[in-house]
K.L.:
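Can you read through this structure? Questions will come right after.
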Amino acid sequence: MSRWKELPAELHPQVRQLIVRLRRLKDHNELSTRRLATKTGYSAKSWQRYLNGRSLPPRAAVEAMARVGGDDPARLLVMHEIAAQRWAEAKAVTVDTPEDFSPAPELTPAKHQPYGRHLRAAVAAGAVVTAMSVSAALLLAVRLTEARAQLAHDRGDAVVTAPATVSASLVPVIYTCRLEQREGRWHANLSPATDILLSNTQVGPEVAEAQCLLHRAGTAPGEIDGVFGPKTRRAVERMQKRNGLIVNGVIDPPTWQALREAAPK
């Protein structure tokens with residue numbers, strides 16, 4: 001068992017959680033930083049910085065550690081995404097102070113420039129933090145589990161409820177596409193939706209169903225996570241343009257029809 005240094009006190013708890021998880025993987029597999037470097041392609045010095053909280057490991061390094069340590073990469077990568085948001089937020093709110101606050105010989109407009117410059121920097125930093133908070137909410141957004149969709153499918157339910165929207169109470173889910181063609185229409189077996197409207201910030205198996213069909217149609221939306229984010233919207237717009245539909249980035253009944261009937265591009 002390694003004798004670890006105390007992590008920096010200023011680390012956000014979610015960054016700390018990721019690093020502690022990586023430390024445990026290293027200890028459990030009895031890996032020295034040199035062996036870890038050999039197996040992951042990242043130097044021993046880099047791993048020392050990562051595991052001591054002086055630098056955030058890149059996504060590829062975390063994925064390599066999961067592979068080497070036999071851990072679930074999906075879980076580790078979700079932890080990394082959250083940690084990366086917190087790390088970026090901590091940097092964004094750090095505004096440099098002026099190097100010299102000594103008074104100017106005369107009271108001229110130039111004397112007020114440092115104040116204006118740093119005020120603008122503070123406003124910009126606040127905007128960055130807000131944007132990152134929204135991204136974090138989307139990442140942590142609630143995604144309804146596959147079990148609910150599968151249960152509805154097994155029972156043959158015909159009623160499709162409105163999809164949920166992003167909130168702080170759900171956990172990330174990665175859905176599995178089970179594509180099949182029945183009576184000339186494509187299904188991913190996550191939701192029977194055909195006319196429900198889907199747009200930005202909505203989540204759930206209905207969104208995952210559409211993502212699977214978008215991927216099959218040749219306009220990949222990224223991960224099949226059931227979250228209607230920017231990548232999914234862009235994929236919808238590309239698909240609508242290809243099929244001569246109104247390009248609005250919304251999955252409406254005509255778009256559903258094209259997704260279920262379209263031949264792959």
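Heads up: numbering here begins at 1 and tracks the sequence. Computed from a prediction, not measured in an experiment: that's the story for all the values here.
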K.L.:
Just wondering, more than 12 heavy atoms not from Leu179 lying within 6.0 Å of its CG?
P.N.:
yes
K.L.:
What distance separates Trp256 CH2 from Ser191 OG, expressed to the nearest 0.5 Å?
P.N.:
6.0 Å
K.L.:
Name the atoms and distances for all side-chain donor-acceptor pairs under 3.5 Å in residues 57-74, with sequence neighbours left out.
P.N.:
unit_1, atom_1, unit_2, atom_2, d
Arg59, NH1, Glu81, OE2, 2.9
Asp71, OD1, Arg21, NH2, 3.1
Asp71, OD2, Arg21, NE, 3.0
Asp71, OD2, Arg21, NH2, 3.0
Asp72, OD1, Ala74, N, 3.2

K.L.:
Rounded to the nearest 0.5 Å, how far does OG1 of Thr255 lie from CD of Gln240?
P.N.:
4.0 Å
K.L.:
Once salt bridge (charged side-chain N to carboxylate O under 4.0 Å, His left out) is applied, do any residues pair with Arg233, and if so which ones, sequence neighbours excluded?
P.N.:
Glu237
K.L.:
Please check if the number of heavy atoms outside Arg75 that lie under 6.0 Å from its CZ is greater than 12.
P.N.:
no
K.L.:
Got a salt bridge between Arg182 and Glu180, using NZ or NE/NH1/NH2 to carboxylate O under 4.0 Å?
P.N.:
yes
K.L.:
Side-chain contact, heavy-atom cut-off 4.5 Å: Thr232 with Val227?
P.N.:
no
K.L.:
Would one find more than 12 heavy atoms of other residues, nucleotides or ligands at under 6.0 Å from atom CZ of Arg34?
P.N.:
no
K.L.:
Can Leu213 be reached from Val247 by stepping across I, L, V, M, F, W or Y side chains whose heavy atoms are under 4.5 Å apart?
P.N.:
no
K.L.:
Scan Leu11, Leu56, Ile82 and name whichever one has a side chain to side chain contact (heavy atoms under 4.5 Å, CB included) with Leu18.
P.N.:
Leu56
K.L.:
Is there a path from Leu214 to Ile246 through hydrophobic residues (I, L, V, M, F, W, Y) whose side chains come within less than 4.5 Å of each other?
P.N.:
no
K.L.:
Other residues, nucleotides and ligands only: do more than 12 of their heavy atoms fall within 6.0 Å of CZ on Arg24?
P.N.:
no
K.L.:
Can a donor-acceptor pair be found between the side chains of Asp27 and Trp4 at a distance below 3.5 Å?
P.N.:
yes
